[in-house]
Amino acid sequence: NVARLILKHGETMTLSREGEATTISLKGKRIPGGTDDVGGSAEQQRFRVKIAPNELLASAWVTKVPSSSPDTLTVGGRVRAIADVRPLGDGDTVALYELEVVG
C-alpha cells in the first residue's frame, strides 16, 4: 500500500488552514520539481508532495480534503502555498493526494 510507504519513508510536514484552530502533522513524500522566476533575481521552488488521507480523516477539521486556497504546507521548515490538489485513487476511493506547492 502506497500510503503505508509514505508513512514509513516520508518526511514530517504540517498542513495549516485559515479558519482552523489546529494544524495537522503528517508524513509526505516530496517529488523534485523546479524553480519559478518571481521577478528580479528572486526565485521560488515548485514541487509536488504526495500525502495519504489518513491524517486528514483523523483530524478535527470540518473539511477533510486539502485545498489550494486556504491551506499551506510547511515543508523543511518553510511555509509553502498549495497551488493545486489532485486526488489519486481508484473510483471513489482516494488513496493519495498529490499537492503542487510553491514557495
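For the single chain, residues carry numbers from 1 onward in sequence order. Computation of the quantities below employed the complete heavy-atom set of this structure, encompassing side-chain atoms and omitting hydrogens, waters and symmetry-equivalent molecules.
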Can you see which heavy atom on Ala3 is nearest to which on Ala95, and at what distance?
CB-O, 4.3 Å
Consider salt bridge (charged side-chain N to carboxylate O under 4.0 Å, His left out). Of Arg30, Arg48, Arg46, which one does Glu100 pass it with?
Arg46
Rounded to the nearest 0.5 Å, how far does NZ of Lys50 lie from NZ of Lys29?
10.5 Å
Evaluate side chain to side chain contact (heavy atoms under 4.5 Å, CB included) for Ser67 paired with Ile82, printing each intermediate quantity in order.
CA-CA 7 Å; Ser67 176; Ile82 298 174; over 6 Å; no
Do you reckon Leu7 sits in the same ILVMFWY cluster as Val49, going by side-chain contacts under 4.5 Å, direct or chained?
no
OG1 on Thr23 to CZ on Arg17, rounded to 0.5 Å:
12.0 Å
Is there a path from Val101 to Leu56 through hydrophobic residues (I, L, V, M, F, W, Y) whose side chains come within less than 4.5 Å of each other?
yes
Working to the nearest 0.5 angstrom, can you tell me the gap between Lys27 NZ and Arg4 CZ?
16.0 Å
For Thr22, check side-chain hydrogen bond (donor to acceptor under 3.5 Å, both in side chains) against everything at least two apart and list the hits.
Trp61
Measure from the side-chain N and O atoms of Lys64 to the backbone N and O of Ser59, and report whether any donor-acceptor pair falls under 3.5 Å.
yes
Approximate separation, where rounding is to 0.5 Å, of Leu57 CG and Ile24 CD1:
9.5 Å
So which heavy atom on Phe47 is nearest to which on Ile31, and how close?
CB-O, 3.2 Å
Please evaluate residues Thr72 and Glu18 with respect to the criterion side chain to side chain contact (heavy atoms under 4.5 Å, CB included), reporting the C-alpha separation (whole Å), side-chain torsions for both, the decisive distance (0.1 Å), and the verdict.
CA-CA 9 Å; Thr72 58; Glu18 188 176 307; over 6 Å; no
Fellow cluster residues of Ile6, listed by chain then number, with links counted only when side-chain atoms sit under 4.5 Å apart
Val2, Leu88, Leu96
Hydrophobic clustering (ILVMFWY, side-chain heavy atoms < 4.5 Å, transitive) - are Val85 and Val75 grouped together?
yes
Rounding to 0.5 Å, atoms CZ (Arg80) and CG (Leu99) come to a distance of 13.0 Å
Mind checking the CD1-CG spacing from Ile51 to Leu26? Nearest 0.5 Å is all I need.
5.0 Å
